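Notes for the one structure printed next.
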Amino acid sequence: MITTNKLKQLTIQELIDNYPFVEIYFEDNKLDIDTFKNQTFIDYLNHFTEEDIEEWAIDTSKLEKDLIAYINQMIDMLGIEEEDIVDSLTIIAGTDKSGNAEGFDELTIRKSEIISIVGPTGSGKSRLLADIEWTAQGDTPTSRKIFINGEKPDMKWRFSSSNKLVAQLSQNMNFVMDLSVGEFLELHADSRLVENKESIIQKIIEAANNLAGEKFDLETPITRLSGGQSRALMIADTAILSSSPIVLIDEIENAGIDRKKALELLVGEEKIVIMATHDPSLALMGDRRIVIQNGGIYKVIETTDEEKQILTKLDEMDRYISGLRQDLRYGNSLI
Amino acid sequence: MNLVTISGPPSSGKTAVILKTIEAMKERNLSVGVVKFDCLYTDDDELYEKAGIPVKKGLSGSLCPDHYFVSNIEEVVQWGLERELDLLITESAGLCNRCSPYIKDIKAICVIDNLSGINTPKKIGPMLKSADIVTITKGDIVSQAEREVFASKVNSVNSNAVVMHINGLTGQGAYELSTLLYTEEDNIDTVKGKKLRFSMPSAMCSYCLGETRIGDDYQLGNVRKMKLGDENDNNK
């Protein structure tokens, strides 16, 4: 914890030594502290003239408060302690659109578990995902409650920008930044303050190539990745670099990536995976599936062994189809 | 009545966020009105009207949009009170990326979008830095990693704000935002005497007063020259 008092005592150099990440703060706020390293941050703020303050739209008292908040958030984020680890997520029933009680009492999902969500468009899947993201406490239209590790969660999951409960893999996985894969991963790693950046980046690119049909490398511009490669990179990045313990997936498209391996990767990184899907081979990979009707959870179905056998059949069909695809690609006859 | 000021660059999704948020508030039987400030053109008022939301618009035309805002806000507040609104939202585009018509003690929200580029948070002044809530839009068209990087850039320039992701098309997150906008205790009946959070850019040069000719002879008032001489070539 850093306080205003401490900020008054430490020189900027000492701040940088103790909290190296403050350099990002100085850089993003365009604060040129180079010649002030032996003075305190407060001295630095006081050196601005009235004119500077107006010219560059500087709010010194806000900069001071923000720096304290920033350092404390970063300390929190770096020292992810036992209590921050999410082992389970519990959904406590609310009501559907007509105000009827939902068809379950409570549902606990544990780390490394996959839950699928099924239900027609407009039935309330997004609301369920939003309830989880917002850690609803009976204060959303469904009146559901979300508990973390069996307890009422800390409000930081709701409001902090660095401590998000949920990472969301949407259907659209476009990249808009003009960067190479390597530069992009580095930027993301920087924002997460990871220490062993090089090896993490290596791990992500390997995992991504393991999912994608065609290989790519760290030099490839991200905007030139194919749909499948983008999805693979995104899934690998979320699994390995995102701090969010829960991953929401909105129907992974079939094209260009090994979806089974993708789910295994996410679950292997000890995440809770919640996936909206109507694809039988994905839905059956879930341990359970939530059925949504009229805005509420209508029932929760345990995937039975008999159902899992269908999966074997589906796998065979998948292999058959991808075999045909492979033949087409290499110009072989399909007979 | 509650008053909330929302601003953000053009096309960042302010109107979509406001529409979805009001939709969520209607279920709580709150009456919400909007006053839209813009510079040359807006047809957003039609969108609000279509949604049955009381709306007024003000175009600043040849005036600095935020000077226009601050000279009209009290009358706008009185309009909202006459309509017996529970919540009045003002919406304005921060056209020079510095403008921030935020008022002390009045909730301030900045809307920016994920597509605007990684260095945008650094470029935007008080409009972003002094907001209480920053809502980031268009998250559905970028990757999860880009969302995280962008949010962390926002956090480093405004560490005290609540940062929320909202999808203006589906409304994901809008319900959550709506819960932060209205508090029964925040009753105001005037903004007279209140202060802006940050001073506005200074102006008043001959061009403000309608001069159109170019050259030293015609420049009066607040004039500043760029350093273009050779001796300044080392200046980055």
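Keep in mind that this is a model prediction, so the values were computed, not measured.
- Heavy-atom distances place the side chain of B/Gln172, and not its backbone, under 4.5 Å from chain A.
- At a 4.5 Å heavy-atom cutoff, the contact between A/Lys30 and chain B is made by side-chain atoms alone.
- For B/Asp132 and B/Arg197, the salt-bridge test passes: some basic side-chain N is under 4.0 Å from an acidic carboxylate O.
- Taking CE of B/Met200 as the start and CZ of B/Phe69 as the end, the distance is 7.5 Å to the nearest 0.5 Å.
- Of the two parts of B/Ile136, neither the backbone nor the side chain holds a non-hydrogen atom closer than 4.5 Å to a non-hydrogen atom of chain A.
- A cation-pi arrangement is absent between A/Arg224 and A/Phe216, since the terminal nitrogen or guanidinium carbon is not both under 6.0 Å from the aromatic centre and inside a 45° cone about the axis.
- Most heavy-atom pairs under 4.5 Å with chain B: of the set A/Val176, A/Ile68, A/Leu67, this distinction falls to A/Val176.
- For B/Tyr102 (side chain) and B/Met127 (main-chain N/O), a donor-acceptor pair under 3.5 Å exists by modelled atom type.
- Neither the backbone nor the side chain of A/Phe21 comes within contact range of chain B; no heavy atoms are under 4.5 Å apart.
- Aromatic ring orientation, A/Tyr70 versus A/Tyr25: tilted (interplanar angle from 30° to 60°).
- Contacts with chain A were tallied for B/His165, B/Arg98, B/Gln144; B/Gln144 has the most, counting heavy-atom pairs under 4.5 Å.
- Residues A/Lys62 and B/Asn158 have side chains that bring a donor and an acceptor to within less than 3.5 angstrom of each other.
- Side-chain atoms of A/Asn72 never come within 3.5 Å of backbone atoms of A/Ala69 as a donor-acceptor pair (strictly under, hydrogens ignored).
- If you tally non-hydrogen atom pairs under 4.5 Å between each of A/Leu241, A/Thr140, A/Leu185 and chain B, the highest count goes to A/Thr140.
- Residue contact with chain B, scored on non-hydrogen atoms closer than 4.5 Å, involves the side chain of A/Asp237 exclusively.
- Both the backbone and the side chain of A/Ser242 have a heavy atom closer than 4.5 Å to some heavy atom of chain B.
- Taking chain B as the reference chain and counting heavy-atom pairs below 4.5 Å, the highest number among A/Asp59, A/Ile53, A/Ile222 is found for A/Asp59.
- Counted by atom type alone, A/Glu54 and B/Ser199 present zero donor-acceptor pairs between their side chains at under 3.5 Å.
- In this structure, the portions of A/Gln168 lying under 4.5 Å from any heavy atom of chain B include both its backbone and its side chain.
- Taking chain A as the reference chain and counting heavy-atom pairs below 4.5 Å, the highest number among B/Ala151, B/Ser152, B/Gly125, B/Ala145 is found for B/Ala145.
- For A/Ile58, the part lying near chain B is the backbone, with the side chain staying farther off; criterion is any non-hydrogen pair under 4.5 Å.
- In this structure, the portion of B/Glu27 lying under 4.5 Å from any heavy atom of chain A is its side chain and not its backbone.
- Contact count versus chain B (heavy atoms, under 4.5 Å) is highest, among A/Ser191, A/Ala57, A/Ser244, for A/Ala57.
- Interface remark: of the candidates A/Glu133, A/Arg127, A/Lys164, A/Arg127 forms the most heavy-atom pairs closer than 4.5 Å to chain B.
- Taking NZ of B/Lys192 as the start and CD1 of B/Ile73 as the end, the distance is 13.5 Å to the nearest 0.5 Å.
- Using modelled atom types, one finds a donor on one side chain and an acceptor on the other under 3.5 Å when comparing B/Thr15 with B/Glu91.
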